[in-house]
Every structure is written in C-alpha cells, then in structure tokens.
Amino acid sequence: MPEGHTLHRLALDLSAAFAGTRPQVSSPQGRFAESAAIISGRPCSGAQAQGKHLWIEFEDHLLHIHLGLIGKFRIAPPAPPRGEIRVRIATPEVAADLSGPQLCVLRTPEEMAAQLAKLGPDPLRKDADPELAWARIHRSARPVAALLMDQTVLSGVGNVYRAEVLFRNRIGPHVEGRKLSRRSWDAIWNDLITLMPQGVVDNRIDTVRPEHTPEAMGRPPRVDDHGGEVYVYRRAGMDCLVCGSRVRTEVLDGRNLFWCGRCQRRS
DNA sequence: GCCTCATGTTGAT
DNA sequence: TCAACCTGAGGCT
C-alpha cells in the first residue's frame, strides 16, 4: 500500500476523523501502551504527511508513524480489534487501527522537524523545490531508478511510481543521474506532480493513459493484483501495453525493477 | 499448517 | 550485499 500518496491520503482521512476531538488512544496489542496513555484524551489538531512519513498532532506530542512495507491504517466505525493492532485512535463515531508499522513513536515538534529535514522534496507538497532533487541527481553516477527511490533525494516515490514515471516518460532506468537530461528530469517531476495528487484522490495508483487501456488497444481487459492500472510494475514477462515486447525485470538495490527495454531508451 | 511475498528502511557484514 | 523487522494474504502441501 504505502507510497507517498497513501500517507497523504491518510493524513486527510485522519484529520477529518479526529481534528478538533479528544480521541481515546490505546494499544490493543500492548507494544505502544505506555505512549498511548500519554496522548489519550488530549486535543488532536489533525495529521500531516511528508514523503512516506505521517504524524498526528496531540498538542506538543506528535505521533510519528512510518508504515514501512507492510504497515496499514484502517479507519472505520468502532468494532472489536482484529489482528495485531499496535495503536487504536478512537472517538465514539470512528476508530483508526494501525498494524505492522515500521515506526510508531512520540516526538516533540523539534524531533519531528529533524526527521523531516533529512527528506528530499515531496511532489505532494506545495513547498517542494524540485531543484534540490535535481542538484543531487545531475551529479550522481547512480542509476536514475535508484535515485528516484532515495528518500533523501526525493521523498514519497516508491517502487510503483518509480517504475511507472520512468515508463511514461520513456526513460531508461539505468541512465546515470549525471547523464539524465534536464528535459527528462523536468518531465519526471511534472509527471509526478500530476500522478501523485491523483493517487491521493483515488487512493490507488493508476498510470495508464486512456489511449493505452486494453479497451483502446483492442486487447482483453486485465486485472492487476495490486489495485491499480499500470504499464510495467509487476508485469514482468507480460507484453508491454504500448509496443508488445516483453516487460523486463531485475533486482536493483534490493528492490524489483520493471521496465520496457524497447519503449524506454531516452536519457 | 507452512512457505513466500509485498507499494520500505535500517543496521550489520 | 544481506538479513532483520513489522503483519497479513495467497499459494502450496
């Protein structure tokens, strides 16, 4: 689930549920019990996100959450907890259950700011400065596919947006940052600031342009098993939706990379 | 029931 | 470069 759009959507949903309330905070599983007691019943002013980091504000106590690979937040009417629930935030009307977070700690505003200072610009934030990312990218020998996943270069982009934004702009994933053209970087950033806000609205990642949908291409409809319609992510060995050649995959920096070797030749 | 995998990050080798 | 971590879902026996 969690690339930047997921966290920004959660910040909106958590704010809608709890801003202006004094929710009860508990830890059904127990691992967050001590901290939960500190913030339970305090006024909540809302939640915010930057990159893949999320925090919920209880006066000067910030609940800092990183979902990692498997963390989930479920917001629903109160019901008995199911599974391993690290934290429940609840009013009589709604409960938010957090499971499997990689990080879940209380921080002061100063501590939180120090964490956020490590992050590169987030395409989902209006104050983001893409020049900061370009400055890192255009003097790096690392492949652009690796740079896009580096949260200190750019924050919020994960494996799906990485693969898809490179495909949509026909850029080879192995192009070194220093050999990436300014035109390509501008195209990547401009695409991200279109795709990612749409991901927040839809709460899923769709990247296939209308002219390339299976219907438009006269192919049978298909079902992606990860909730969105995409060009190459997790489509290894299948036909490229645009040129029909085999979608390729390899492990880069420990993560699965997907691309079309025919469509993606630009630098 | 057991194994593998996942839109992520960190810390040790 | 690799293993560990957090949890649940799906595929397999």
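When reading the values below, keep in mind they use all heavy atoms of this one structure, side chains included, and skip hydrogens, waters and symmetry mates. Sequence lines set the chain letters: A, B, ... in the order given, protein chains first and strands last, and positions in each chain run from 1.
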**Request:** Round to the nearest Å and state the distance from A:Arg234 atom CZ to B:dA6 atom P.
**Result:** 6 Å
**Request:** Could you tell me whether A:Gly100 contacts a base, only the sugar-phosphate backbone, or nothing, with contacts defined as non-hydrogen atoms closer than 4.0 Å?
**Result:** base
**Request:** Determine the sole option in A:Lys52, A:Gln50, A:His8 for which the side-chain hydrogen bond (donor to acceptor under 3.5 Å, both in side chains) test with A:Asp122 is passed.
**Result:** A:His8
**Asked** To the nearest angstrom, how far is A:Ile70 atom CD1 from C:dA9 atom P?
**Response** 11 Å
**Prompt:** With rounding to whole Å, what would you report as the distance between B:dT9 and C:dA9 at their P atoms?
**Reply:** 22 Å
**Request:** Sticking with atom C1', work out how far B:dC5 lies from C:dA3, rounded to a whole angstrom.
**Result:** 16 Å
**Item:** Whole angstrom value for the distance that separates C1' of B:dT7 from CD of A:Glu229
**Value:** 16 Å
**Asked** If you draw a 6.0 Å radius around CZ in A:Arg74, do more than 12 non-hydrogen atoms from other residues or ligands fall strictly inside?
**Response** no
**Request:** Using the P atom as the reference point in each nucleotide, state the distance between B:dG1 and C:dC6 in Å, no decimals.
**Result:** 23 Å
**Request:** Using heavy atoms and a sub-4.0 Å distance, could you list which residues of residues 74-88 of chain A are near DNA chain C? By number, please.
**Result:** A:Gly83, A:Glu84, A:Arg86
**Message:** Output the rounded distance in Å from CG (A:Asp97) to P (C:dG8).
**Reply:** 11 Å
**Asked** Does A:Lys52 have a side-chain nitrogen or oxygen under 4.0 Å from the phosphate oxygens OP1 or OP2 of B:dT9?
**Response** yes
**Message:** In this structure, how many angstroms lie between the P atom of C:dC6 and the NE2 atom of A:His66, rounded?
**Reply:** 16 Å
**Asked** So what does A:Asn256 hit on the nucleic acid, given a heavy-atom distance under 4.0 Å: a base, only sugar-phosphate, or nothing?
**Response** sugar-phosphate
**Asked** Which pair of non-hydrogen atoms, one from A:Tyr161 and one from A:Glu3, has the smallest distance, and what is that distance?
**Response** CD1-OE1, 3.0 Å
**Spacing between A:Asp253 atom CG and B:dT9 atom P, to the nearest angstrom** = 13 Å
**Message:** Less than 4.0 angstrom between a side-chain N/O of A:Tyr233 and OP1 or OP2 of B:dT7, yes or no?
**Reply:** yes
**Message:** Determine whether a donor-acceptor pair (N or O, by modelled atom type, separation under 3.5 Å) exists between the side chain of A:His138 and the backbone of A:Trp134.
**Reply:** yes
**Donor-acceptor pair, side chain of A:Asp150 and main chain of A:Thr152, under 3.5 angstrom** = yes
**Message:** With rounding to the closest Å, how many angstrom separate the P atoms on C:dC5 and B:dT13?
**Reply:** 13 Å
**Message:** It should be established whether A:Gln29 places a side-chain nitrogen or oxygen under 4.0 Å from OP1 or OP2 of nucleotide C:dT7.
**Reply:** yes
**Item:** Partner residues of A:Asp186 under the salt bridge (charged side-chain N to carboxylate O under 4.0 Å, His left out) criterion, sequence neighbours left out
**Value:** A:Arg182
**Asked** Please give, in whole Å, the distance from B:dG8 P to A:Ile205 CD1?
**Response** 9 Å
**Message:** With a 6.0 Å cut-off (strictly less than), is the heavy-atom count around CD of A:Glu211, excluding the residue itself, greater than 12?
**Reply:** yes
**Asked** B:dT10 P sits how many Å from A:Arg255 CZ, rounded?
**Response** 13 Å
